Every structure is written in C-alpha cells, then in structure tokens.
Amino acid sequence: MASAKGLPLLFESDESHQGIVPALIYDASPLVRQQLFTSLGYLLCQWNPRDRYQYGERILPIILSGVFDELPAVQSTCDSTLTEVANSCVHDLYEAQILESIPEDEKEKKNLGRA
C-alpha cells in the first residue's frame with residue numbers, strides 16, 4: 001500500500017522539467033500510458049476515503065484523459081479503471097450512510113459513483 005502523502009511531488013514541475021505524472025500521459029509507449037492509468041486507479045481504490053477524495057481532483061482528470069487516447073486498448077483500460085473507482089465511491093457513500101443500499105444495477109452503480 002502506498003501513502004498518498006508523496007503524490008504532490010509527482011506533479012511538481014518548474015522551468016527545467018515537467019512533473020512525472022503529467023509527462024507520462026503523453027509517453028510514446030501505449031503500455032506506459034496504460035500502466036499509468038491502471039496504477040492511479042488502483043491507488044484511488046486502495047486509499048482510505050479521505051485520501052481518495054483529497055487527491056481525486058488531481059488523479060481523475062488524468063484517468064479521464066486516457067478515455068480519449070488514440071488506442072482503443074488504453075481507452076478500455078481507462079473505462080474499466082473509472083468503473084472500479086466509481087464502485088469504491090459507491091461503497092464509501094454506503095458506509096457513510098448516505099446511501100441506504102448499494103444499487104444492484106451495474107449501470108446505475110457506475111453512474112452514481114462517477115457523479
């Protein structure tokens with residue numbers, strides 16, 4: 001399990017270099033991009049809800065950018081990653097007693113989690 005505390009360092013940039021994570025979005029290798037989106041989604045799902053929502057505003061736009069990747073395999077990876085993150089968010093809402101039950105319909109669960 002990785003700590004969320006080091007995440008801001010991966011986004012830092014200055015005149016001489018771009019941040020690590022933003023640079024990987026445009027890597028020439030589709031496998032690198034695919035692994036980036038998978039890893040970031042995995043982290044979001046594994047972190048506690050406090051870290052998930054604190055750092056989600058930095059990570060989710062990166063995963064969303066992969067939905068528009070030129071390769072369908074990368075797009076598919078991002079879509080499944082977003083579905084996993086959405087499921088984690090639905091469970092967070094249920095555990096916080098905001099939802100009375102977890103929706104059975106996968107489409108409803110996906111839409112609720114992404115909202």
Side-chain angles (χ1 to χ4, degrees):
M1 179 84 73
S3 169
K5 299 203 185 317
L7 187 74
L9 297 174
L10 297 175
F11 287 86
E12 285 185 3
S13 62
D14 58 26
E15 295 89 29
S16 63
H17 76 283
Q18 186 177 16
I20 294 169
V21 172
L24 291 175
I25 296 170
Y26 304 107
D27 195 272
S29 170
L31 291 175
V32 170
R33 296 191 309 269
Q34 195 168 17
Q35 189 59 46
L36 170 70
F37 303 133
T38 301
S39 298
L40 290 176
Y42 177 79
L43 287 174
L44 277 179
C45 291
Q46 296 302 310
W47 285 339
N48 63 54
R50 178 181 214 143
D51 289 339
R52 184 177 5 265
Y53 298 108
Q54 180 177 359
Y55 296 106
E57 67 183 25
R58 285 188 166 186
I59 294 175
L60 285 174
I62 291 171
I63 299 172
L64 284 170
S65 73
V67 172
F68 301 102
D69 196 90
E70 59 196 31
L71 295 177
V74 176
Q75 293 173 1
S76 176
T77 296
C78 288
D79 189 47
S80 65
T81 298
L82 288 170
T83 299
E84 291 173 21
V85 172
N87 286 335
S88 293
C89 293
V90 167
H91 286 283
D92 292 342
L93 292 172
Y94 176 73
E95 289 174 5
Q97 299 177 346
I98 295 170
L99 291 177
E100 293 179 11
S101 64
I102 295 176
E104 295 295 324
D105 181 23
E106 286 300 316
K107 185 175 181 179
E108 183 182 347
K109 189 187 311 183
K110 185 176 178 180
N111 290 337
L112 182 62
R114 286 187 178 177

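These numbers were taken from a predicted model, which means no experiment stands behind them.
Of all the heavy atoms in Arg52 and Cys89, the pair that sits closest is CD-SG, 4.3 Å. Taking all atoms of both residues into account, the shortest heavy-atom contact from Cys45 to Ser88 is SG-OG, 3.4 Å. The two residues Asp92 and Pro49 make their nearest non-hydrogen contact at OD1-CG, 3.5 Å. Closest approach of Leu71 to Pro30, counting heavy atoms only: CD1-CB, 3.1 Å. Of all heavy-atom pairs spanning Arg33 and Ile25, the tightest one is CD-O, 3.0 Å. Residues Phe37 and Ser65 come closest through the heavy atom pair CE2-OG, 4.0 Å.
In this structure, the side chains of Leu82 and Leu60 come closer than 4.5 Å at one or more pairs of heavy atoms. Contact of the Thr83 side chain with the Asn87 side chain is registered, since non-hydrogen atoms from C-beta on lie closer than 4.5 Å.
Side-chain atoms of Ser39 do not come within 3.5 Å of backbone N or O of Leu36 as any donor-acceptor pair. Side chain of Gln34 to main chain of Val74: no donor-acceptor pair is present (N/O by atom type, distance under 3.5 Å, no hydrogens or angles). In this structure, Ser76 contributes its side chain and Pro72 its backbone to no donor-acceptor pair below 3.5 Å.
Within 6.0 Å of the OH atom in Tyr53, the count of heavy atoms belonging to other residues, nucleotides or ligands exceeds 12.
Here CD of Gln54 is found 9.5 Å from CG of Asn48. Values are rounded to the nearest 0.5 Å.
Applying the salt bridge (charged side-chain N to carboxylate O under 4.0 Å, His left out) test to pairs two or more places apart or on separate chains, none has a residue in residues 37-51. Within the structure, side-chain hydrogen bond (donor to acceptor under 3.5 Å, both in side chains) pairs that include any residue of residues 19-30 do not occur (at least two apart or interchain).
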**Pair Ile59-Val85, side-chain contact (heavy atoms from CB on, under 4.5 Å): steps then yes or no** = CA-CA 11 Å; Ile59 294 175; Val85 172; over 6 Å; no
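When hydrophobic clusters are built by joining Ile, Leu, Val, Met, Phe, Trp and Tyr residues whose side-chain heavy atoms come closer than 4.5 Å, directly or via intermediates, Ile63 is not grouped with Tyr42.
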